[in-house]
Student: 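I have a structure I would like to understand better, so I am pasting it below and will then ask my questions one at a time.
Proteins come first, then strands; the chains are lettered A, B, ... in the order of their sequence lines, and each starts at number 1.
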2 protein chains.
Amino acid sequence: MTEPKPETVAAWTSLVTAGRVVLDHIESALKQAGLPRLDWYDALLEIERAGDEGIRPFELKDRLLLPQYGMSRLLERMAKAGLLAREGVAGDRRGQIVRLTQKGRQVRREMWPVYAAAMMRRVEHRLTQEEVVELTRLLRKLSRS
Amino acid sequence: MTEPKPETVAAWTSLVTAGRVVLDHIESALKQAGLPRLDWYDALLEIERAGDEGIRPFELKDRLLLPQYGMSRLLERMAKAGLLAREGVAGDRRGQIVRLTQKGRQVRREMWPVYAAAMMRRVEHRLTQEEVVELTRLLRKLSRS
DNA sequence: CTCTGGTAGATGCAGTTGCATTTATATGGG
DNA sequence: CCCATATAAATGCAACTGCATCTACCAGAG
């Protein structure tokens, strides 16, 4: 059995740690401001991008890397909060189409400055522009299927 | 309000995505093998490192970045599974000392090859040695307090 | 000694997640 | 048309998490 190099273990450890630290930082800024969590933001953004056409939950779950039941329940809670509307889709009676409400767009807009400020404090202010670009390149090599 | 640069957003997005993808990969390998999840491994490793002396839960929670109640319940479950023992500590009757049992050491040893193989597939085989080192350096700049 | 404030750890409750399964519908083969 | 198989989404239940609070103990000030 081949062992991973110590540098590989260090890289994985720092990936997990950095992810956790930055995530905690952003989440606590949002909570501080009385706003929803980041998973709601991600969903709001993705649905908003779909525009008037809307988007199907099964597409959404792939983009957000959520399990099917997780997506189902997230949409359920966000709908209850009035941030989105779900309608049946013509041509497939199993499915539904999700669209943001006005309130959904507004909440996403309110979250953005808080999210952005936290991201800048944790990422932009700590790395040079070249480092940011290089980091992105390396991380993408890890998630490519 | 200053906006983050698009490259910053891309870096943050790829950090979250890479963390999720690699984590999912490792978790599913462990589950496949009928082994406990990664948070148990992390705890097992940290406790094993403490050796005969053992370690206090409040130190452990800092190293593992867990909230106090999360640590408390994780130790409770792992103790119930027979992987660790908790004893009172001389000189502070509020506290306790945690040590691995033989079974705890064994389970950690069984988890390692599965964990290591998944890590190598996802990290070591996708980056050059220089890239791994550079990635670690950049990520550490993000989590430094 | 007693009081006050602090630290270690546990816990009740509500909300969330994971897993397996269910419901409803679609689609292709015979 | 009928069936077997596949897909979209929801759901019951058990486990887990977050939040606030609680219990037990410690340590220093007066």
Student: Using OP1 and OP2 only, check whether a side-chain N or O of Ser72(B) sits under 4.0 Å from dA10(C).
Tutor: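 For dA10(C), OP1/OP2 do have a side-chain N/O of Ser72(B) under 4.0 Å.
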Student: Among dT17(C), dA8(C), dG18(D), which nucleotide has an atom closest to any side-chain atom of Pro67(B)?
Tutor: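 Selected nucleotide: dG18(D).
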Student: Grab the N/O contacts between the protein and nucleotides 21-26 of chain C below 3.5 Å, and write none if there aren't any.
Tutor:
residue, atom, partner, partner atom, Å
dA26(C), OP1, Arg93(A), N, 2.8

Student: Measure from CE on Met71(B) to P on dT17(D) and round the result to the nearest Å.
Tutor: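 After rounding, the gap between these two atoms is 11 Å.
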Student: Quick one: is dA10(C) close enough that its OP1 or OP2 comes under 4.0 Å of any side-chain N or O from Tyr69(B)?
Tutor: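 False: Tyr69(B) side-chain N/O out of range (4.0 Å or more) of dA10(C) OP1/OP2.
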Student: On DNA chain C, check which nucleotide each of Lys31(B) and Pro57(B) is closest to and give me the residue with the more 5' one.
Tutor: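 It is Pro57(B), whose closest nucleotide lies nearer the 5' terminus.
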Student: State the CE-CZ distance between Met78(B) and Arg86(B), to the nearest 0.5 angstrom.
Tutor: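 One gets 10.5 Å once the value is rounded to the nearest 0.5 Å.
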Student: Strictly below 4.0 Å: does Arg77(B) bring a side-chain N or O up to OP1 or OP2 of dT17(D)?
Tutor: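 Affirmative; the distance criterion is met.
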Student: Check the distance between dG9(C)'s C1' and Leu84(B)'s CG and give it to me in whole angstrom.
Tutor: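 For the pair Leu84(B) CG and dG9(C) C1', the rounded distance is 15 Å.
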Student: Between Leu75(B) and Trp40(A), just flag the one whose closest nucleotide in DNA chain C comes earlier from the 5' side.
Tutor: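 In this pair, the answer is Leu75(B).
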Student: Side chains of Gln102(B) and Arg105(B) only: does a donor on one sit below 3.5 Å from an acceptor on the other?
Tutor: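 Distance-only check passes for Gln102(B) and Arg105(B).
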Student: Treating Arg99(A) as the side-chain partner and Asp52(A) as the backbone partner, does any N or O pair qualify as donor plus acceptor under 3.5 Å?
Tutor: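 Yes; judged by distance alone, with no hydrogens or angles, the pair exists.
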Student: Figure out the CG/C1' separation between Leu66(B) and dG18(D), and round it to whole Å.
Tutor: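 Atom CG in Leu66(B) sits about 13 Å away from atom C1' in dG18(D).
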Student: In this structure, how many angstroms lie between the C1' atom of dT11(D) and the CG atom of Leu74(A), rounded?
Tutor: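 Rounded to whole Å, this separation is 16 Å.
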Student: Heavy atoms only, 4.0 Å cut-off, all strands: where does Gly70(B) land among base, sugar-phosphate and nothing?
Tutor: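 No contact at all - Gly70(B) keeps every heavy atom at 4.0 Å or more from the nucleic acid.
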Student: For Trp112(B) and Glu3(A), what are the C-alpha separation, side-chain angles and deciding distance, and is it a side chain to side chain contact (heavy atoms under 4.5 Å, CB included)?
Tutor: CA-CA 10 Å; Trp112(B) 174 241; Glu3(A) 285 288 308; 3.1 Å; yes
Student: Starting at atom CG of Leu38(A), determine the distance to atom C1' of dT16(C), rounded to an integer number of angstrom.
Tutor: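 To the nearest whole Å, that distance equals 16 Å.
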Student: Evaluate Glu131(B) against Arg126(B) for salt bridge (Lys or Arg N to Asp or Glu O under 4.0 Å), listing each step before the verdict.
Tutor: CA-CA 9 Å; Glu131(B) 285 176 332; Arg126(B) 286 162 175 264; over 6 Å; no
Student: Specify the separation, in whole Å, of atom CZ of Phe58(B) and atom P of dC25(D).
Tutor: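 Phe58(B) atom CZ is separated from dC25(D) atom P by 17 Å.
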Student: Gln96(A) or Arg37(A): which one's nearest nucleotide on DNA chain D is closer to the 5' end?
Tutor: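 Between the two, 5'-proximity favours Gln96(A).
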Student: To the nearest 0.5 Å, what is the distance between CD (Glu134(B)) and OG1 (Thr136(B))?
Tutor: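 It is 9.0 Å, given to the nearest 0.5 Å.
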Student: Has the side chain of Arg73(A) got a donor or acceptor that lies under 3.5 Å from a partner of the other kind on the base of dG15(C)?
Tutor: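 No, no donor-acceptor pair under 3.5 Å.
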Student: Figure out the CG/C1' separation between Asp39(A) and dG18(C), and round it to whole Å.
Tutor: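 To the nearest whole Å, that distance equals 16 Å.
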Student: Rounded to the nearest 0.5 Å, what separation is found between the CG atom of Leu23(A) and the CG atom of Leu15(B)?
Tutor: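 The distance works out to 9.0 Å.
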Student: Hey, is the main chain of Gly104(B) close enough, under 3.5 Å, to the side chain of Arg108(B) for a donor-acceptor pair?
Tutor: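 No; judged by distance alone, with no hydrogens or angles, the pair does not exist.
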Student: Let me know the distance between CD of Glu87(A) and C1' of dA8(D), rounded to the nearest Å.
Tutor: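 Whole-Å distance recorded here is 17 Å.
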Student: When we call it a touch if two heavy atoms are under 4.0 Å apart, what does Arg56(B) touch: a base, just sugar-phosphate, or nothing?
Tutor: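 Counting heavy atoms under 4.0 Å across all strands, the contact made by Arg56(B) is with sugar-phosphate only.
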